[in-house]
Amino acid sequence: MTGLATLRLALAAGHEVTVLVRDPARLPADHKGVKVVVGDVLATDDVRKAVKGQDGVIVILGTRNDLSPTTMMSEGTRNIIEAMKAHGVRKIVGCMSTFLLWDEAKIPPRLLDVTKDHQRMYDVLKNSGLDYVAVFPPHIDDALPLTENYAVAVGERGGRVISKHDLGHFFLRCLTTSEYDRKFVCVSGTYQSQ
């Protein structure tokens, strides 16, 4: 639930936030001040409504537990980029997977189809002409805390785990710096419970 962790951090930091969600019931009760666009990332009109008036976009798309072949993440990212260009928005931060840096033969077979769509998503970002940051997190742990103390590896593999909170913190950091623009980064933390 990286998206919800990022949402809470964005609100706590005073950001004005718009979210595109299929099911608004999944939003926490304390999401006051959030502009909610109910829709689908594969529906261009829904995406345009969500992107209009934004300064930047964080893309956290997933298939939940459905690991079957998909193009949802790459097609959704393509729709987001088209909407950004239409509305003059330049900054996009996309969450993919560190498996993009692995030898395909070593990727767990059940994750291969999703990883292939992450690769297509990354290709869409790289070819967008926008100020993108491609974030390749390792294992995202729901139970680990926000530390705001994590390692960022630019253009190479990083550590083995990141808390969903620290990952969300990094996404927000990327919106306010050009340091990682047009690069892929791996972000990981060291936690006491490891």
Side-chain angles (χ1 to χ4, degrees), residues 2-3 6 10 18-20 40-48 50-64 66-108 111-140 150-160 162 164 166-188:
T2 304
T6 304
T18 300
V19 295
L20 173 63
D40 190 319
V41 73
L42 297 177
T44 56
D45 287 343
D46 296 343
V47 174
R48 284 180 182 250
V51 170
K52 184 178 182 180
Q54 304 309 308
D55 295 324
V57 176
I58 298 174
V59 181
I60 306 170
L61 298 172
T63 60
R64 299 209 185 274
D66 182 357
L67 301 177
S68 60
T70 185
T71 59
M72 182 275 293
M73 295 175 291
S74 57
E75 290 302 317
T77 300
R78 188 178 324 278
N79 287 343
I80 292 166
I81 287 169
E82 289 173 8
M84 290 175 68
K85 288 178 178 179
H87 292 296
V89 181
R90 298 272 325 146
K91 185 70 162 211
I92 182 169
V93 180
C95 182
M96 282 145 279
S97 167
T98 196
F99 285 132
L100 294 180
L101 304 176
W102 287 34
D103 177 345
E104 188 174 301
K106 294 182 179 181
I107 297 171
L111 300 176
L112 194 54
D113 289 323
V114 171
T115 301
K116 287 179 179 179
D117 199 38
H118 276 150
Q119 180 63 56
R120 289 187 291 270
M121 181 179 173
Y122 179 46
D123 292 341
V124 168
L125 281 175
K126 285 192 304 186
N127 295 316
S128 69
L130 298 177
D131 299 329
Y132 75 87
V133 181
V135 183
F136 298 172
H139 171 71
I140 302 169
Y150 41 80
V152 180
V154 179
E156 62 184 0
R157 283 174 71 169
R160 299 183 58 112
I162 186 77
K164 66 182 179 182
D166 280 339
L167 183 56
H169 183 271
F170 181 70
F171 292 152
L172 294 170
R173 180 175 152 197
C174 287
L175 291 177
T176 61
T177 181
S178 61
E179 180 178 359
Y180 307 111
D181 285 3
R182 295 185 176 92
K183 297 175 184 160
F184 80 78
V185 297
C186 295
V187 57
S188 58

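Nothing fancy with the numbering, it's 1 onward along the sequence.
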Visitor: At their closest point, which heavy atom of Lys91 faces which heavy atom of Thr177, and how far apart are they?
Guide: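 For Lys91 versus Thr177, the nearest heavy atoms are NZ-O, 2.7 Å.
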
Visitor: Between Arg90 (side chain only) and Gly129 (backbone N and O only), is there a donor and an acceptor less than 3.5 Å apart?
Guide: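 At least one qualifying donor-acceptor pair exists.
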
Visitor: Taking all non-hydrogen atoms of both residues, which atom of Thr63 and which atom of Asp66 are closest, and how far apart?
Guide: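 Closest approach of Thr63 to Asp66, heavy atoms only: OG1-O, 2.7 Å.
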
Visitor: Can you tell me if Thr44 and Asn79 form a side-chain donor-acceptor pair at under 3.5 Å?
Guide: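 Result is no, nothing qualifies.
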
Visitor: For the residue pair Cys186 and Leu101, what are the closest heavy atoms and their distance?
Guide: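 That would be SG-CD1, 3.5 Å.
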
Visitor: Under a 4.5 Å cut-off applied to non-hydrogen side-chain atoms, are Met73 and Val114 in contact?
Guide: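 They are in side-chain contact.
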
Visitor: Measuring from Thr2:OG1 to Ile140:CD1, what's the distance to the nearest 0.5 Å?
Guide: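 Separation between the atoms: 4.0 Å.
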
Visitor: Within a strict 4.5 Å, meaning less than it, do heavy atoms of the Ile58 and Leu172 side chains meet?
Guide: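 SC-SC contact between Ile58 and Leu172 confirmed.
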
Visitor: To the nearest 0.5 Å, what is the distance between CG on Leu61 and NE2 on His118?
Guide: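 Answer for the CG-NE2 pair, Leu61 versus His118, is 8.0 Å.
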
Visitor: From Ile81 CD1 over to Tyr132 OH, what is the distance, rounded to the nearest 0.5 angstrom?
Guide: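 Those atoms lie 10.5 Å apart.
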
Visitor: Give the intermediate values and the outcome of side-chain contact (heavy atoms from CB on, under 4.5 Å) for residues Thr70 and Asp113.
Guide: CA-CA 7 Å; Thr70 185; Asp113 289 323; over 6 Å; no

Visitor: Is there a side-chain contact between Asp166 and Val187 (heavy atoms, below 4.5 Å)?
Guide: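 Asp166 vs Val187: side chains apart.
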
Visitor: Is the shortest side-chain N to carboxylate O distance from Arg120 to Asp123 below 4.0 Å?
Guide: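 Asp123 and Arg120: not salt-bridged.
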
Visitor: What's the spacing between Arg173 CZ and Tyr180 OH if we round to 0.5 Å?
Guide: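 One gets 3.5 Å once the value is rounded to the nearest 0.5 Å.
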
Visitor: For a side-chain contact (heavy atoms from CB on, under 4.5 Å) check, start with the C-alpha distance between Arg157 and Phe136, then their side-chain angles and the critical distance, and finish with the verdict.
Guide: CA-CA 8 Å; Arg157 283 174 71 169; Phe136 298 172; over 6 Å; no

Visitor: Minimum heavy-atom separation for Gly158 to Ala153, with atom names?
Guide: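 Here Gly158 and Ala153 meet closest at CA-CB, 4.1 Å.
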
Visitor: What are the two closest non-hydrogen atoms of Ser74 and Met121, and how far apart are they?
Guide: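 What the structure gives for the nearest pair is CB-N, 3.6 Å.
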
Visitor: About how many Å separate CZ of Phe171 and CD1 of Ile60, when rounded to the nearest 0.5 Å?
Guide: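 Those atoms lie 4.5 Å apart.
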
Visitor: Ignoring hydrogens and angles, tell me if any N or O in the side chain of Asp131 forms a donor-acceptor pair with the backbone of Asp181 under 3.5 Å.
Guide: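 Not a single qualifying donor-acceptor pair exists.
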
Visitor: The test is side-chain contact (heavy atoms from CB on, under 4.5 Å); show your working for Val57 and Val93 and say whether it passes.
Guide: CA-CA 6 Å; Val57 176; Val93 180; over 6 Å; no

Visitor: Could you give me the CA-CA distance, side-chain angles and deciding distance for Met96 and Gln119, then say whether side-chain contact (heavy atoms from CB on, under 4.5 Å) is met?
Guide: CA-CA 8 Å; Met96 282 145 279; Gln119 180 63 56; over 6 Å; no

Visitor: In plain terms, say whether Arg78 and Glu75 are close enough for a salt bridge, that is, a side-chain N and a carboxylate O under 4.0 Å apart.
Guide: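 Between Glu75 and Arg78 there is a salt bridge, with a charged N closer than 4.0 Å to a carboxylate O.
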
Visitor: About how many Å separate CZ of Arg182 and CG of Leu125, when rounded to the nearest 0.5 Å?
Guide: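 Atom-to-atom, Leu125:CG and Arg182:CZ are 12.0 Å apart.
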
Visitor: Where is the tightest heavy-atom contact between Asp46 and Asp40, given as atom of each residue plus distance?
Guide: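 Taking every non-hydrogen atom into account, OD2-N, 2.9 Å.
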
Visitor: Could you tell me whether the side chain of Glu156 and the main chain of Val154 form a donor-acceptor pair under 3.5 Å?
Guide: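 No; zero donor-acceptor contacts below 3.5 Å.
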
